[in-house]
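Structure record follows, encoded as structure tokens.
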Protein chains: 2
Amino acid sequence: MEKESVTIYDVAREAGVSMATVSRVVNGNSNVKQVTKDKVQAVIERLDYHPNAVARGLASKKTTTVGVIIPDVTDAYFSELARGIDDVANMYHYNIILANSDESGSKELKVLENLLAKQVDGVIYMGNGLNAELRKAFRHANAPVVIAGSVDDEEKHPAVNIDYVAATCDAVNKLIRTGHDKVAFVSGDLKQPINYKYRLKGYQKALAEANITFDDSLIFTSEYFYAAGYELAKKIQASAATAAIISDDELAAGLLNGLTDAGVNVPNDFELITANNTKLTQITRPELTSITQPMYDMGAVSMRMLTKLMNKEQLDQTTVVLPYGIIARSSTK
Amino acid sequence: MEKESVTIYDVAREAGVSMATVSRVVNGNSNVKQVTKDKVQAVIERLDYHPNAVARGLASKKTTTVGVIIPDVTDAYFSELARGIDDVANMYHYNIILANSDESGSKELKVLENLLAKQVDGVIYMGNGLNAELRKAFRHANAPVVIAGSVDDEEKHPAVNIDYVAATCDAVNKLIRTGHDKVAFVSGDLKQPINYKYRLKGYQKALAEANITFDDSLIFTSEYFYAAGYELAKKIQASAATAAIISDDELAAGLLNGLTDAGVNVPNDFELITANNTKLTQITRPELTSITQPMYDMGAVSMRMLTKLMNKEQLDQTTVVLPYGIIARSSTK
DNA sequence: CATATGTTTGCAAACGTTTACATCTAAAAA
DNA sequence: TTTTTAGATGTAAACGTTTGCAAACATATG
């Protein structure tokens with residue numbers, strides 16, 4: 001913990017070459033004779049030299065670090081995305097600085113500013129709070145930004161997600177086909193585009209296709225917490241709904257258990273489809289039927305896109321839409 | 001994305017002072033006249049100057065960044081710890097570089113090396129794989145390391161955890177008191193000290209106190225996955241056990257559902273106590289009785305310790321043991 | 001008025017790399 | 001043999017800060 005660190009100078013001196021040459025071998029530059037390369041390499045190992053990434057970053061203006069803004073690491077949906085991000089980041093020799101934003105606009109801005117001050121080479125944004133201010137901050141950032149697992153409703157920023165409209169529509173359709181014409185729509189804040197411009201649209205589309213008139217007493221919003229879902233069960237019971245599509249698994253689990261504990265039999269009395277197919281969906285009894293999203297892949301792809309962007313490569317497509325599915329479990333008939 | 005960044009020189013020039021003075025006001029140095037402080041501050045805002053953290057890091061040899069080694073962000077136990085870490089890191093104006101290790105010894109070493117190359121000011125290690133090699137790497141690191149949510153069985157490194165022996169002993173006692181003398185012990189790899197030196201010890205202690213002879217056909221190990229737990233149900237059923245203490249919630253959930261699906265009634269035919277009180281424990285039916293660990297706090301405290309270490313302050317105690325509890329839910333009578 | 005004292009500022013040297021550019025070498029071409 | 005050329009190496013200037021030290025200034029003291 002107190003050692004003087006060995007620098008490129010030490011290596012150069014010991015190897016009898018200039019620091020430039022050492023730098024070249026460290027960076028795999030081709031213009032170095034094999035014998036000197038070996039000589040330097042030997043010294044590097046003998047002295048246990050490790051290049052100082054900070055100095056490197058300053059000189060090269062690249063930190064091989066990307067910032068990742070996440071609402072909450074503790075959330076299964078986002079942590080799965082984060083895992084995909086980290087794995088491919090590693091593959092390309094990047095590190096990630098993880099920053100929790102709590103989906104709070106002001107915190108997101110603060111965190112972004114902070115990441116940019118640290119000179120990250122790029123940032124990945126997770127969250128559903130993309131607003132004008134944040135958009136502006138992204139535009140003015142001198143690092144590329146890609147959005148993972150959510151949408152940019154103005155489609156200005158590179159993003160990777162699924163077709164939320166179609167997925168929601170399919171799920172609601174499935175419910176309608178089994179005879180429900182009173183399907184509750186349960187999502188987070190309707191101010192968020194992902195909810196009102198995509199999920200709700202998909203819900204309405206399914207209704208329209210089946211000639212069911214929209215009834216806004218079947219629209220519920222809630223925070224994405226287990227307890228919130230559990231509470232919500234009462235309201236849902238009081239409504240005319242006989243089935244529900246829910247946009248978060250933890251919320252869905254709460255709702256399921258709330259209903260069950262109130263004596264409602266799922267799926268016989270009430271059917272449920274949730275949205276993210278996280279681990280939770282298999283743990284509940286009955287297991288939850290769910291839209292499936294390739295969270296890990298979405299994370300991985302978004303990071304891959306970011307590496308291209310950081311490399312000034314052209315993107316084939318600015319927003320990539322990954323396939324979704326629906327897995328039938330026991331919360332539907 | 002293409003702007004030339006404004007440096008401390010620009011600010012200095014515009015404000016008609018030297019860069020040293022600008023540096024001083026940025027860093028809140030007291031020896032600056034109020035009027036110049038204001039003048040400089042105004043220019044900073046006008047030019048939207050943001051100090052370059054990399055340059056700062058090089059000059060000051062402090063990066064205000066800490067490395068966090070985590071087995072898997074996706075794991076509820078560790079992500080909860082990570083959340084505590086990040087929150088207090090933020091409080092003290094640190095950022096965290098998150099690195100997944102998969103509990104693989106070689107990856108842990110690689111990741112640590114990488115973090116140190118990035119000149120992190122400290123590192124927090126999560127995981128149960130503390131071995132001789134890693135220990136050596138920690139010792140030779142020029143940054144303090146603290147262990148969060150696990151043990152250093154040699155007690156050389158600062159760590160924050162709970163009293164695993166006592167917790168396990170209490171849980172097993174609870175089972176014994178309700179009449180069980182065949183309690184299965186289900187943990188991860190028994191090569192890990194936390195399992196064989198702590199949890200197993202606690203289990204044996206409880207047995208000894210109740211004059212029950214140890215029977216190693218009741219000892220099971222498994223990976224910490226839902227599916228693994230589900231599979232394990234068969235083996236457990238085939239054993240003489242009538243209750244179990246499990247060291248991971250996901251595993252416990254799998255076991256619970258495996259038993260239930262095989263027609264075993266929990267808690268009437270079989271009782272279960274799990275270890276981490278993560279969200280999962282409330283989602284299962286029946287809900288899981290669990291040891292409670294203050295994960296968030298353990299993360300927070302470990303980060304707080306690290307800030308002291310990074311500040312060269314003396315630690316009151318090198319290992320802090322936080323209180324645990326047991327919350328009775330429906331998987332026990 | 002001279003001196004001492006304390007506060008405010010500036011100067012310039014780090015920090016440890018990368019990277020144009022210049023130089024040198026040796027082999028290839030003339 | 002002389003000239004070219006390409007490859008291998010070295011020189012030194014960035015990169016954008018912090019910080020020890022010296023200088024300048026202001027105020028209080030004798």
Side-chain angles (χ1 to χ4, degrees), chain A residues 3-41 43-44 47-65 93 114 116-121 142-143, chain B residues 3-41 43-44 47-65 93 114 116-121 142-143:
Chain A
K3 307 184 313 290
E4 294 311 303
S5 46
V6 3
T7 75
I8 203 171
Y9 279 104
D10 302 320
V11 176
R13 183 174 16 80
E14 292 289 307
V17 298
S18 77
M19 41 174 312
T21 299
V22 176
S23 174
R24 289 191 189 99
V25 352
V26 166
N27 291 296
N29 188 307
S30 51
N31 298 355
V32 187
K33 247 203 298 196
Q34 188 60 45
V35 304
T36 56
K37 201 179 286 186
D38 293 346
K39 188 172 56 177
V40 170
Q41 199 61 53
V43 175
I44 286 178
L47 300 190
D48 191 31
Y49 165 70
H50 292 270
N52 178 322
V54 173
R56 259 187 198 209
L58 186 57
S60 69
K61 296 177 160 261
K62 300 213 165 306
T63 54
T64 60
T65 303
H93 303 290
N114 191 236
L116 294 174
K118 290 249 161 128
Q119 312 297 117
V120 295
D121 296 338
N142 57 335
Chain B
K3 307 184 314 290
E4 294 311 305
S5 46
V6 4
T7 75
I8 202 171
Y9 280 103
D10 302 319
V11 176
R13 182 173 16 81
E14 292 289 309
V17 299
S18 76
M19 41 174 312
T21 299
V22 177
S23 174
R24 288 191 189 100
V25 352
V26 167
N27 292 297
N29 189 307
S30 52
N31 298 354
V32 186
K33 244 203 299 196
Q34 189 60 43
V35 304
T36 59
K37 201 179 286 185
D38 293 345
K39 187 172 56 177
V40 170
Q41 199 61 52
V43 175
I44 286 178
L47 301 189
D48 192 31
Y49 165 71
H50 292 271
N52 178 322
V54 173
R56 258 200 223 223
L58 185 57
S60 69
K61 293 175 161 264
K62 300 212 165 309
T63 54
T64 59
T65 302
H93 304 289
N114 190 235
L116 294 174
K118 290 248 160 129
Q119 313 297 119
V120 293
D121 295 338
N142 58 333

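Because the structure is a prediction, the values reported are computed rather than measured. Chain letters run A, B, ... following the sequence lines, proteins first, then strands; residues in each count from 1.
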Q.
Nearest whole Å is fine: how far is D:dA23 C1' from B:Asn31 CG?
A. 15 Å
Q: In whole angstrom, give the distance that lies between atom NZ of B:Lys62 and atom P of C:dG16.
A: 13 Å
Q | Student check: side-chain heavy atoms of A:Arg56 and A:Val26 closer than 4.5 Å | A | yes
**Q.** A:Leu58 CG to D:dC15 C1', straight-line distance once rounded to whole Å
**A.** 4 Å
**Q.** B:Asn27, nearest nucleotide to its side chain (from D:dG16, D:dA8, D:dT18)
**A.** D:dT18
Q: Go through C:dG10, D:dT11, D:dT19 for me and flag the one nearest to the B:Val17 side chain.
A: C:dG10
Q | Given DNA chain C, 5'-ward residue of the pair B:Thr36 and B:Ala59, judged by closest heavy atom | A | B:Thr36
Q. If you check every side-chain atom of B:Lys33, which of C:dT17, C:dT9, D:dG16 has the closest atom?
A. C:dT9
Q: Ignoring the backbone of B:Arg24, work out which of C:dG16, D:dT17, C:dG10 is nearest its side chain.
A: C:dG10
**Q.** Spacing between A:Lys37 atom NZ and D:dA8 atom C1', to the nearest angstrom
**A.** 12 Å
Q. Nearest to the side chain of A:Ser5 - C:dG16, D:dC21, D:dG10?
A. C:dG16
Q | Minimum-distance nucleotide (side-chain atoms of A:Lys61 versus D:dT9, C:dG10, D:dC15) | A | D:dC15
Q: Over all heavy atoms of both residues, which pair between B:Lys62 and B:Asp121 is shortest? Give the atoms and the distance, please.
A: CA-OD1, 3.5 Å
Q.
Checking contacts here: which listed nucleotide (C:dG10, D:dG16, C:dT17) is nearest the side-chain heavy atoms of A:Asn52?
A. C:dT17
Q: Rounded off to whole Å, could you give me the NZ-to-P distance for the A:Lys118 and D:dC15 pair?
A: 23 Å
Q.
By nearest atom, which of the nucleotides D:dG10, C:dT19, C:dT17 is closest to the A:Ala55 side chain?
A. C:dT17
Q. To the nearest angstrom, how far is A:Met19 atom CE from C:dT19 atom C1'?
A. 10 Å
Q: Please check the phosphate of D:dA8 (OP1 and OP2 only) for any side-chain N or O of A:Thr21 closer than 4.0 Å.
A: no
Q: Go through C:dG10, C:dT17, C:dA20 for me and flag the one nearest to the B:Ala20 side chain.
A: C:dG10
Q) Where the side chain of B:Ile8 is concerned, which of C:dT18, D:dC21, D:dT17 is the nearest nucleotide? A) D:dT17
(Q) If the cut-off is 4.0 Å, is B:Ser60 near the phosphate of C:dC15, judged by side-chain N/O to OP1 or OP2? (A) no
Q) Does A:Ser18 or A:Tyr9 map to a spot on DNA chain D nearer the 5' end, using the closest nucleotide for each? A) A:Ser18
Q) With a 4.5 Å limit on heavy-atom distance, are the side chains of A:Val17 and A:Val22 in contact? A) yes
Q) Under 3.5 Å, is there a donor-acceptor pair between the B:Thr65 and A:Lys118 side chains? A) yes
Q | From A:Ile8 atom CD1 to A:Leu47 atom CG, the distance as rounded to the nearest 0.5 Å | A | 12.0 Å
Q: Return the value, rounded to whole Å, for the distance between atom CG of A:Asp38 and atom C1' of D:dA8.
A: 15 Å
Q: Keeping the roles fixed (side chain from A:Asp10, backbone from A:Thr7), state whether a donor-acceptor pair exists under 3.5 Å.
A: yes
**Q.** side-chain N/O A:Ser23 vs C:dT18 OP1/OP2, d < 4.0 Å
**A.** yes
Q. CD of A:Gln34 versus C1' of D:dA8: gap in Å, rounded?
A. 13 Å
